[in-house]
Protein chains: 2
Amino acid sequence: MKLHVQIKMNEALFLRDPESSELGKNILKHSIQLIHKSGFEAFTFKKLAEDIGTTEAGIYRYFENKHKLLLYLTAWYWGWLEFQISFHTNNIDDPTVKLKRIITLLATAVEDDEQTNYINESLLHQIIISEGSKAFLTKQVEEDNKQHFFKPYKDLCAVVGNIILECNLAYKYPRSLASTIVEMAHFQNFFMNNLPSLTDFGNTKEESEIISFLNDLVFAGLNKS
Amino acid sequence: MKLHVQIKMNEALFLRDPESSELGKNILKHSIQLIHKSGFEAFTFKKLAEDIGTTEAGIYRYFENKHKLLLYLTAWYWGWLEFQISFHTNNIDDPTVKLKRIITLLATAVEDDEQTNYINESLLHQIIISEGSKAFLTKQVEEDNKQHFFKPYKDLCAVVGNIILECNLAYKYPRSLASTIVEMAHFQNFFMNNLPSLTDFGNTKEESEIISFLNDLVFAGLNKS
DNA sequence: TTTTTATAATAGTATTACTATCATTCAAAA
DNA sequence: TTTTGAATGATAGTAATACTATTATAAAAA
């Protein structure tokens, strides 16, 4: 039995549900490929349309603009990751072990999970590392937030924050530590590969080292106070 | 006696040195105002030209494109901040005290320092918080890095990393901890003001709390190992 | 005075980010 | 079976963006 993960998406993110048609799925699939290849700035609906073999207008029937598409992809990713996390930590009782497991999941390159053939999770993970912050680093954050576009991200951070609290009820900054872990799992990866002198892993470029760093950072903080 | 801080800029960042003319200084001044007001995405050289009262072509004589201008502004900011840090920690011997001082400087809103009347450091600080990451989160990071456009940022992180080492010679991740501190000083500020549930400071919105969080995070990590 | 240099004024191009219209297909409802 | 309607394809068109080029003019340096 293969359980099919269906991430429930905020309907305000799209005009027409991309998961409801072949064209829609192609939009998701090819946008991931294109953004991964050329970056979000160079990515346009025209290029995407050419890539798919449809027209620009066709894409616009699904997504209002490329920012909404990025919001969609990031929301999908965080939703998917939260599921992965809950799945892989399901049977773990010790919150410390749980938190370590989560750090590993956050900082490890994901392999494409064949469940959803129109979404390449591995590429999407890399997109989130380099482009993810651009989803909220805009003048419209407030509006986008009011429409709950960041809910999956905030939910995931809340999950992590709660486990942090379970590890140490007296710890004063569970939410900030959670967002720090999540952001740094990605940033240290980006730095390691692109600006290596900003990390201690420039030589090996091993994700395992990011994991060690985060574990060290987190558990020192939690055990102290 | 007023000492005039002159940040030495990488000449490959501009076509004509903006600090060498009135128009150039106006470009810096008004670009900071405009980017702060409307965000980097909505910012165009046309609007900037209208704002200054010159023409688009006039701007292009100074900067190749808006990405270079952003690189210039971020490089200026990090150079300026490194000077501020070295100035304000100059006479401090104890590395722990020094590091705390740096964390405070990183996380505190700067007041406009009248030295350079064409650069509003306070606005620039806010720009770095919301737009700074976009300087390196691009497909051209590698090229830009080869041209040393991120040197001021990397230098600052190196300074912080070295002080971390002074605090604890056995600590294994001084560079990564340094970049974490620098990034989080900004991200936690952005989150606090825009996505408050990702932090523990949503109610008070006090920078002092970010400082406490970072101090706690850093010194727990350093004293443990 | 001549020459250089910076700027202003104007024009023009390719691409981007859309919106609108109309014809076609194909499946479901009447 | 016909009708309807929803999704798509094809084509156009517009305003704004991201530039480049040309010429004239004014100010500063030689």
Side-chain angles (χ1 to χ4, degrees), chain A residues 9 11-31 34-35 37-73 118 131 134-135 138-140 143-144, chain B residues 9 11-31 34-35 37-73 118 131 134-135 138-140 143-144:
Chain A
M9 298 300 294
E11 301 205 347
L13 281 169
F14 49 76
L15 300 170
R16 211 203 289 311
D17 182 2
E19 287 182 297
S20 72
S21 74
E22 276 314 303
L23 178 55
K25 288 173 187 170
N26 267 322
I27 290 174
L28 297 179
K29 184 175 185 171
H30 287 85
S31 66
L34 259 185
I35 296 174
K37 194 175 128 203
S38 337
F40 188 65
E41 277 70 41
F43 169 78
T44 70
F45 277 5
K46 182 145 195 228
K47 290 176 194 163
L48 176 58
E50 277 160 20
D51 218 47
I52 295 174
T54 182
T55 59
E56 227 182 327
I59 317 284
Y60 278 105
R61 275 188 216 111
Y62 283 83
F63 290 101
E64 216 180 312
N65 51 51
K66 69 174 187 170
H67 180 240
K68 282 271 167 70
L69 176 52
L70 180 64
L71 286 171
Y72 183 97
L73 293 176
Y118 51 95
E131 320 287 352
K134 296 171 192 169
T138 72
K139 279 283 159 185
Q140 336 150 38
E143 268 173 70
D144 288 346
Chain B
M9 299 300 295
E11 301 203 348
L13 281 170
F14 49 76
L15 300 170
R16 212 201 288 314
D17 182 2
E19 286 182 298
S20 71
S21 74
E22 276 314 302
L23 179 57
K25 289 174 187 170
N26 267 322
I27 290 174
L28 298 179
K29 183 174 185 174
H30 288 86
S31 65
L34 259 185
I35 295 174
K37 195 174 126 202
S38 338
F40 188 64
E41 278 70 42
F43 168 78
T44 70
F45 277 6
K46 183 144 193 230
K47 289 176 195 164
L48 176 58
E50 277 160 19
D51 216 47
I52 296 175
T54 182
T55 59
E56 226 182 326
I59 317 284
Y60 277 104
R61 265 181 239 116
Y62 283 83
F63 291 100
E64 218 180 311
N65 52 50
K66 71 174 186 171
H67 180 239
K68 282 272 167 67
L69 177 51
L70 180 64
L71 287 171
Y72 183 97
L73 292 176
Y118 52 96
E131 320 286 352
K134 296 171 191 169
T138 72
K139 278 283 159 185
Q140 337 152 36
E143 270 174 70
D144 288 345

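Quick caveat, the model's predicted, so the values are computed rather than measured. Protein chains get the first letters and strands the later ones, always in sequence-line order, with residue 1 at the start of each.
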Protein-nucleotide distance (Glu50(B), atom CD; dA8(C), atom P), rounded to Å: 14 Å
In whole angstrom, what separates Asp17(A)'s CG from dT8(D)'s P? 11 Å
Rounding to an integer number of Å, can you tell me how far Leu15(A) CG sits from dT19(C) C1'? 13 Å
Minimum-distance nucleotide to Ala57(B) side chain [options: dA18(D), dA17(C), dT10(C)]: dT10(C)
Rounded to the nearest angstrom, tell me the gap between atom CZ in Phe63(B) and atom P in dA18(D). 16 Å
Is the Phe40(B) ring parallel, tilted or perpendicular to the Phe43(B) ring (thresholds 30°, 60°)? parallel
Rounded interatomic separation in angstrom, taking CD1 from Ile52(B) and C1' from dA8(C): 13 Å
Please report the shortest heavy-atom distance between Gly24(A) and Tyr62(A), naming the atom on each side. CA-CE2, 3.7 Å
Contact class for Tyr62(B) vs. all strands (heavy atom < 4.0 Å): base, sugar-phosphate, or nothing? sugar-phosphate
Member of Lys66(A), Arg61(A), Lys68(A) meeting the salt bridge (Lys or Arg N to Asp or Glu O under 4.0 Å) criterion with Glu64(A): Lys68(A)
Closest to the Leu23(B) side chain, choosing from dA8(C), dT17(D), dA20(C): dA8(C)
Separation of atom CG in Leu48(A) from atom P in dA17(C), rounded to whole Å: 12 Å
Euclidean distance, atom OH of residue Tyr60(A) to atom C1' of dG9(D) [Å, nearest integer]: 17 Å
Rounded to whole Å, please give me the gap between CD in Glu22(B) and P in dA8(C). 12 Å
Full working for salt bridge (Lys or Arg N to Asp or Glu O under 4.0 Å) between Lys134(A) and Glu41(A): CA-CA 10 Å; Lys134(A) 296 171 192 169; Glu41(A) 277 70 41; 3.0 Å; yes
With the side chain of Glu56(A) defined as its heavy atoms from C-beta on, choose the nearest nucleotide among dA17(C), dA6(C), dG9(D). dA17(C)
When you check the phosphate oxygens OP1 and OP2 of dG9(D), does a side-chain N or O of Thr54(A) lie under 4.0 Å from one of them? yes
Among Lys25(A), Lys29(A), Glu19(A), exactly one meets side-chain hydrogen bond (donor to acceptor under 3.5 Å, both in side chains) together with Tyr118(A). Which residue is that? Glu19(A)
Among the candidates dT8(D), dC18(C), dT7(C), find the nucleotide nearest to the side-chain atoms of Arg16(A). dT8(D)
Heavy atoms only, 4.0 Å cut-off, all strands: where does Glu41(A) land among base, sugar-phosphate and nothing? nothing
Below 4.0 angstrom from OP1 or OP2 of dT7(C), is there any side-chain N or O of Ser21(B)? yes
Nearest of dC18(C), dG9(D), dC19(D) to any side-chain atom of Asn65(A)? dC18(C)
Can you find a side chain N or O atom of Arg61(A) that sits less than 4.0 Å from OP1 or OP2 on dA6(D)? no
Does dT8(D) have OP1 or OP2 under 4.0 Å away from a side-chain N or O of Thr55(A)? no
Distance check: side-chain N/O of Lys66(B) vs OP1/OP2 of dT17(D), anything under 4.0 Å? no
